[in-house]
Protein chains: 2
Amino acid sequence: MLHALSDPMRLRIVRELAAGSGDELSCSHFDLPVTKSTTTHHFRVLRESGVIRQVYRGTAKMNGLRRDDLDALFPGLLGALLAAADRQSTRLGVAGLNRPAREGGGRTGRVRPR
Amino acid sequence: MLHALSDPMRLRIVRELAAGSGDELSCSHFDLPVTKSTTTHHFRVLRESGVIRQVYRGTAKMNGLRRDDLDALFPGLLGALLAAADRQSTRLGVAGLNRPAREGGGRTGRVRPR
DNA sequence: CGACTCGTACGATAGCTGTCGTAGTACGGT
DNA sequence: ACCGTACTACGACAGCTATCGTACGAGTCG
């Protein structure tokens, strides 16, 4: 789980999910600066690490944060983590949630161009 | 920081540091199932991610958990994390802290043999 | 039906990283 | 002086993984 959450892109997804008042968002709701393939990859990692739940709801695939399960396993962890991410976000970037997440000096692969 | 803590070996180090009533332990106090080179590597990652503090105390190098700094930056995170690790530890392995950490099916490199 | 959108699967690629071994430095004991 | 301990630096290697592109199936709309 720590590994899953230690990627900026995935942490961003989780934060958006947690911020969403409703609890389920479609994959395409997220406007991530990566291709669809990569998005699928990240959602899979999150699902396989038990952080989110994915269900087909008619035509779209809804993603839900498994908050209760996580809280049962690791009480307080998710909350503290989200709070920490929020604090760091507001400390570094101005825009709250819209942090670039690995702007420029990414550590791996290309990000978008080509 | 999440990345630093998402490695079993490093989490183990941090847990031992946190468990130590005194706050500073020498590198060699830890009996990790890896070579000294790898140990140095992990300590460096922990130091560079700001989780621990290293000071030369005479001949030995003492490692201290930067608990207060971390708590200031991410209130409650470290506590929740350690608690979660403890719970998971007692759930999976019997021996509390002495979990093998990547026994057998490690994902990378060889572990010891050769 | 055809076109479009959403999401997946597969293969490729580059970079990170955990691990090791060997060699080196600093320091204290014999 | 010599050796042992503690730790680091550097190089090598294998595996993971974040990313991309392309191709594909499912479903919706004109």
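Chain letters run A, B, ... following the sequence lines, proteins first and then strands; every chain starts at 1.
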Selection from [options] that lies nearest to any side-chain heavy atom of [X]:
| X | options | value |
| --- | --- | --- |
| B/Thr40 | C/dG18, C/dA9, D/dC7 | D/dC7 |
| A/His3 | C/dC20, D/dC20, D/dT17 | D/dT17 |
| A/His41 | C/dC20, D/dA18, D/dC20 | D/dA18 |
| A/Val45 | D/dA18, D/dT19, C/dC20 | D/dA18 |

How long is the line joining [atom1] of [X] and [atom2] of [N], in whole Å?
| X | N | atom1 | atom2 | answer |
| --- | --- | --- | --- | --- |
| B/Leu32 | C/dC20 | CG | C1' | 15 Å |
| B/Leu46 | D/dT8 | CG | P | 12 Å |
| B/Met62 | D/dC7 | CE | C1' | 14 Å |
| A/Asn63 | C/dC6 | CG | P | 14 Å |
| B/Lys61 | D/dC7 | NZ | C1' | 7 Å |
| B/His29 | D/dC7 | NE2 | P | 12 Å |
| A/Asp7 | D/dC16 | CG | P | 17 Å |
| B/Phe43 | C/dG18 | CZ | C1' | 15 Å |

Does [N] have OP1 or OP2 sitting under 4.0 Å from an N or O in the side chain of [X]?
| X | N | result |
| --- | --- | --- |
| A/Thr38 | D/dA18 | no |
| A/Arg44 | C/dG7 | no |
| B/Thr35 | C/dC20 | yes |

>> If you go through the side-chain atoms of A/Lys36, does one of them form a donor-acceptor pair with the base of C/dG7 closer than 3.5 Å?
In response: yes

> On a plain distance test, is the side chain of A/Ser37 in donor-acceptor contact with the base of D/dG21 below 3.5 Å?
Replying inline: yes

Compare all side-chain heavy atoms of [X] with those of [Y] and state whether any distance is below 4.5 angstrom.
| X | Y | value |
| --- | --- | --- |
| B/His29 | B/Met62 | no |
| B/Val14 | B/Leu82 | yes |
| B/Thr39 | B/Phe30 | no |

Residues 64-81 of chain A, side-chain donor-acceptor partners within the protein, below 3.5 Å, at least two apart:
{"from": "A/Arg66", "atom 1": "NE", "to": "A/Asp69", "atom 2": "OD2", "distance (Å)": "3.1"}
{"from": "A/Arg66", "atom 1": "NH2", "to": "A/Asp69", "atom 2": "OD2", "distance (Å)": "3.1"}

> Do you know which two heavy atoms are closest between B/Ile13 and B/Leu46, and how far apart they sit?
Replying inline: CG2-CD1, 3.8 Å

